[in-house]
Amino acid sequence: MSIGVVLSDEDMRPLESAYYVLAPEYMEGGLYSHALSHERAKDPIVCTRHEAMQDILNMCLKHNVTRLFAYNALFDKSHLPELNCLEWYDIMQLAAYIQHNPMIPHWAPLYRTGRMKQGYGVESMLRILRQDWSYFETHNALLDAVDELEIMRRLGHTPETYIKL
């Protein structure tokens, strides 16, 4: 229904963003259709999926972007095959592992690999990283992208640290 994109600098600070509401899909409604309009996600571009993909690819080309970072990137990559010409990296692969995220509480249940057994979604991860247990995710595509960038910034890893899918 919608796609949010945030381009950042090397310090994970937003430089440019775009928010696409896909027509006619958004008119059918859905679980998070209430989040399509949000005061912090101004001026959505209402367009077709094809137009959104072309615009995203043009934005990446304009800024020499070759890598996409997403939380649970396998999901996004599988739903956005038009962007498979770019390299995909998964933020969750570092955020959910205690050896890469020192903010994971010592009492959190972990697998032997160091990955959290539960509670490692974007909302839970931002609560942990911010130490703000009152945070709730908006489920707006643009604001979700901003949240994911914040996770990267708070983890403090360079883009090169992330594992390519």
Side-chain angles (χ1 to χ4, degrees), residues 1-23 25-26 32 35-36 40-41 43-104 110-111 113-126 128-130 137-165:
M1 250 197 295
S2 63
I3 300 170
V5 177
V6 178
L7 298 181
S8 74
D9 62 15
E10 288 293 321
D11 294 324
M12 307 302 161
R13 302 285 177 195
L15 293 175
E16 185 176 336
S17 65
Y19 176 46
Y20 305 92
V21 174
L22 305 181
E25 292 86 353
Y26 84 92
Y32 298 114
L36 286 174
R40 289 178 38 226
D43 303 322
I45 301 165
V46 179
C47 62
T48 67
R49 179 187 178 103
H50 177 75
E51 292 167 330
M53 293 298 116
Q54 283 305 125
D55 199 48
I56 292 168
L57 288 169
N58 289 338
M59 187 179 358
C60 290
L61 187 62
K62 174 183 164 189
H63 294 284
N64 296 317
V65 170
T66 59
R67 300 179 291 185
L68 295 178
F69 294 83
Y71 207 89
N72 194 11
L74 279 174
F75 177 85
D76 290 347
K77 183 178 181 184
S78 72
H79 286 85
L80 300 170
E82 300 92 335
L83 302 179
N84 282 346
C85 59
L86 301 168
E87 298 173 344
W88 284 81
Y89 296 82
D90 195 344
I91 300 164
M92 186 173 67
Q93 291 299 319
L94 294 186
Y97 286 80
I98 199 158
Q99 56 268 48
H100 301 293
N101 182 352
M103 294 299 290
I104 293 175
L110 305 173
Y111 291 104
T113 61
R115 192 188 78 164
M116 297 175 71
K117 289 185 176 181
Q118 61 191 27
Y120 55 86
V122 169
E123 183 175 276
S124 299
M125 192 53 61
L126 275 175
I128 290 168
L129 291 169
R130 290 178 175 175
E137 191 174 0
T138 62
H139 297 293
N140 173 283
L142 178 60
L143 300 180
D144 288 353
V146 170
D147 285 348
E148 293 171 20
L149 182 61
E150 180 182 344
I151 290 171
M152 290 180 73
R153 186 174 60 251
R154 287 182 179 269
L155 287 173
H157 299 294
T158 64
E160 291 73 30
T161 308
Y162 290 85
I163 301 163
K164 182 179 169 186
L165 297 182

Do the ring planes of Y97 and H100 sit parallel (below 30°), tilted (30 to 60°) or perpendicular (above 60°)? perpendicular

Between V5 and M59 the two heavy atoms that sit nearest each other are CG1-CE, 4.2 Å

After noting the C-alpha distance and the side-chain angles of D144 and Y71, does the key distance pass the side chain to side chain contact (heavy atoms under 4.5 Å, CB included) rule? CA-CA 9 Å; D144 288 353; Y71 207 89; over 6 Å; no

Quick one: closest heavy-atom pair of S124 and G119, and the distance? CB-O, 3.1 Å

When every non-hydrogen atom of A70 is compared with those of D90, the smallest separation belongs to O-OD1, 3.2 Å

Enter the distance from M12:CE to R153:CZ here, rounded to the nearest 0.5 Å. 9.5 Å

Hey, does the side chain of D11 reach the backbone of R13 with a donor-acceptor pair shorter than 3.5 angstrom? no

Of all heavy-atom pairs between R49 and P81, which one has the smallest distance, and what is that distance? NH2-CD, 3.8 Å

Supply the atom-to-atom distance I56 CD1 to I3 CD1, rounded to the nearest 0.5 angstrom. 4.5 Å

Evaluate M116 against N101 for side chain to side chain contact (heavy atoms under 4.5 Å, CB included), listing each step before the verdict. CA-CA 10 Å; M116 297 175 71; N101 182 352; 5.9 Å; no

Are any non-hydrogen side-chain atoms of P159 and Y89 less than 4.5 angstrom apart? no

What's the verdict on side-chain hydrogen bond (donor to acceptor under 3.5 Å, both in side chains) for N140 and Y19, showing C-alpha distance, side-chain angles and the deciding distance? CA-CA 9 Å; N140 173 283; Y19 176 46; 3.1 Å; yes

Taking the side chain as everything from C-beta on, heavy atoms only, tell me whether I104 gets closer than 4.5 Å to Y120. no

Shortest non-hydrogen contact from G4 toward A145: O-CB, 3.8 Å

Taking the side chain as every heavy atom from C-beta outward, state whether L57 and L86 have any atom pair closer than 4.5 Å. yes

What is the distance from atom CG of L94 to atom NE2 of H157, rounded to the nearest 0.5 Å? 5.0 Å

From CG (L155) to CD (E150), nearest 0.5 Å: 10.5 Å

Output yes when a side-chain donor or acceptor of W88 lies under 3.5 Å from a complementary backbone atom of L83, and no otherwise. yes

Taken to the nearest 0.5 Å, the spacing of M53 CE from N58 CG works out to 12.0 Å

Of the options V122, L74, N72, which is the one that meets M92 in a side chain to side chain contact (heavy atoms under 4.5 Å, CB included)? N72

Taking atom NZ of K117 and atom CZ of R115, what is their separation to the nearest 0.5 Å? 10.0 Å

Hey, does L142 have a side-chain heavy atom less than 4.5 Å from the side chain of S17? yes

Pairs in or reaching into residues 56-70: which pass salt bridge (Lys or Arg N to Asp or Glu O under 4.0 Å), with residues at least two apart or in two chains? R67-E160

Treating D55 as the side-chain partner and E51 as the backbone partner, does any N or O pair qualify as donor plus acceptor under 3.5 Å? no

Do R154 and M103 have side-chain heavy atoms sitting under 4.5 Å apart? no

